[in-house]
Amino acid sequence: MTECCGGSDPLDEIRCRLRVAPVPGLPGLLLYCAHPGSGLGQIAGGGASPYWAYPWAGGLALARYLADHPSAVAGSRVVDLGSGSGLVAIAAAKAGARAVLAADVDRHAVAAIGLNAALNGVAVATCRADLTDGPPPDADIVLAGDVFYAAEVAAKTGAYLAHCAAAGLAVFVGDPGRAYLPIERLSRCAEYDVSDFGDGRSTTRAAVYRLDRLPA
Ligand SMILES: C[S@@+](CC[C@H](N)C(=O)[O-])C[C@H]1O[C@@H](n2cnc3c(N)ncnc32)[C@H](O)[C@@H]1O
């Protein structure tokens, strides 16, 4: 168990409990990641699951896609919805996006995104908010890595992403085939074998999709 984590500042907790680790399949990209001694259950504030402490399979696929196809985001204004660790936002910035906003509802995620962006030497703006309550963002592209993991979250993010596509934004989703993925509205762009929870030990198949604009 980590002994140094007495405070409740998310930045201190992340720096203290997590370790900087390379991201499998994404050479040069580093993230603060949980390890067996992290004691994540003792994170101050409790409640929210520590989704920000690992790169998720959907995000890994989307980040790989951006590394392979930087022209998908180069020069564009990008929003990463449900950014978690900031993995996808960082990959977009590394691929040459003009501006990147990483949004998450979790205060630890927002802290992790800032730390991880600095670790990778890229500029990523952060926003602790539920963007799905509002209109499509003032951006060109919305990226969403692994945001269909639970029914309620999938309903909100799915509806929001559909609004974004209807408003003319390009929408890319990374997902390992979760139960709530709205597959009927998605066009597959690429598939990758990615590490599950970023631990490098087991792999799963995950795909990158483009969300189709529904006919008016
Ligand atoms: C499974 S994690 C994926 C994180 C990251 N995209 C990845 O692939 O590694 C999903 C993230 O979405 C966030 N989230 C869930 N609902 C959200 C919402 N309505 N608005 C913004 N973030 C949300 C959660 O807090 C969590 O960090």
Side-chain angles (χ1 to χ4, degrees), residues 10 14 18 21-26 29-34 40 43 45-67 73 78-93 100-117 120 124-137 139 141-164 171-181 192 194-200 204-209:
I14 292 164
L18 275 59
V23 181
L26 288 158
L29 207 153
L30 298 170
L31 292 177
Y32 278 91
C33 290
L40 288 180
I43 288 279
S49 299
Y51 294 127
W52 43 269
Y54 313 88
W56 285 66
L60 283 166
L62 194 43
R64 290 267 296 271
Y65 182 76
L66 299 180
V73 291
V78 172
V79 170
D80 177 22
L81 179 71
S83 191
S85 64
L87 166 67
V88 173
I90 292 164
V100 182
L101 174 67
D104 205 291
V105 290
D106 184 326
R107 73 186 183 117
H108 281 84
V110 172
I113 296 160
L115 284 174
N116 286 326
N120 289 280
V124 171
T126 56
C127 160
R128 185 185 175 199
D130 185 349
L131 297 187
T132 68
D133 287 336
I141 299 172
V142 180
L143 305 172
D146 233 313
V147 297
F148 294 101
Y149 56 95
E152 193 182 337
V153 176
K156 290 190 77 170
T157 53
Y160 179 72
L161 294 174
H163 284 144
C164 292
V171 176
F172 291 94
V173 168
D175 194 277
R178 305 215 183 275
Y180 305 106
L181 180 71
Y192 297 94
V194 293
S195 106
D196 223 357
F197 295 109
D199 64 4
T204 189
R205 196 82 175 147
V208 174
Y209 305 89

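Whatever order the structure lists them in is the order used to number ligands and atoms, beginning at 1.
Across all non-hydrogen atoms, the minimal contact from L131 to A103 is CD1-CB, 3.6 Å. P176 and T204 get closest at one heavy-atom pair: CB-CG2, 4.4 Å. Looking at every heavy atom in both residues, G145 comes nearest to L62 through N-CD2, 4.0 Å.
Of all atoms in ligand 1, listed by their number and element, those nearer than 4.0 Å to a heavy atom of P55 are 9 (O). Per-residue contacts place G59 under 4.0 angstrom from the following atoms of ligand 1 (heavy atoms of the residue considered): 7 (C), 8 (O). Applying the 4.0 Å criterion to heavy atoms of G84 picks out, from ligand 1, the atoms 4 (C), 27 (O). Within ligand 1, counting atoms from 1 as listed, the ones closer than 4.0 Å to a heavy atom of V153 are 15 (C), 16 (N). Near T132, meaning under 4.0 Å from one of its heavy atoms, ligand 1 places the atoms 19 (N).
With distances taken over non-hydrogen atoms, the option nearest atom 15 (C) of ligand 1 out of Y54, Y149, W56, Y51 is Y149. When G82, P50, A57 are ranked by how near their heavy atoms come to atom 22 (N) of ligand 1, first place goes to G82.
Side-chain atoms of D80 do not come within 3.5 Å of backbone N or O of A102 as any donor-acceptor pair. Using modelled atom types, one side-chain atom of D175 and one backbone atom of R178 make a donor-acceptor pair closer than 3.5 Å. The backbone N or O of G84 sits less than 3.5 Å from a side-chain atom of D104, completing a donor-acceptor pair. When atom types are taken as modelled, the side chain of T157 and the backbone of V147 share a donor-acceptor pair closer than 3.5 angstrom.
Contacts with ligand 1 closer than 4.0 Å are made by backbone heavy atoms (N, CA, C, O) of S83 only, the side chain lying farther away.
Contact check for I14 versus N116: no side-chain heavy atoms found under the 4.5 Å cut-off. With contacts defined as side-chain heavy-atom distances shorter than 4.5 Å, the pair L161/F148 qualifies.
For V147, no nitrogen or oxygen atom sits less than 3.5 Å from a nitrogen or oxygen atom of ligand 1, counting backbone and side chain alike. Polar contact check, V88 against ligand 1: no nitrogen or oxygen pair lies under 3.5 Å apart. In terms of polar-atom proximity, D130 is counted as a contact of ligand 1, with an N or O under 3.5 Å from an N or O of the ligand. In terms of N/O distances under 3.5 Å, ligand 1 is not approached by W52.
Residue, atom and distance of the protein heavy atom nearest to atom 3 (C) of ligand 1 are G145 O, 3.4 Å. Shortest contact from atom 13 (C) of ligand 1 to any protein heavy atom: D104 OD2, 3.3 Å.
Taking a 4.0 Å cut-off on heavy atoms, T157 fails to register as neighbouring ligand 1. Residue A109 places no heavy atom under 4.0 Å from ligand 1.
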message: For a side chain to side chain contact (heavy atoms under 4.5 Å, CB included) check, start with the C-alpha distance between V171 and Y160, then their side-chain angles and the critical distance, and finish with the verdict.
response: CA-CA 10 Å; V171 176; Y160 179 72; over 6 Å; no
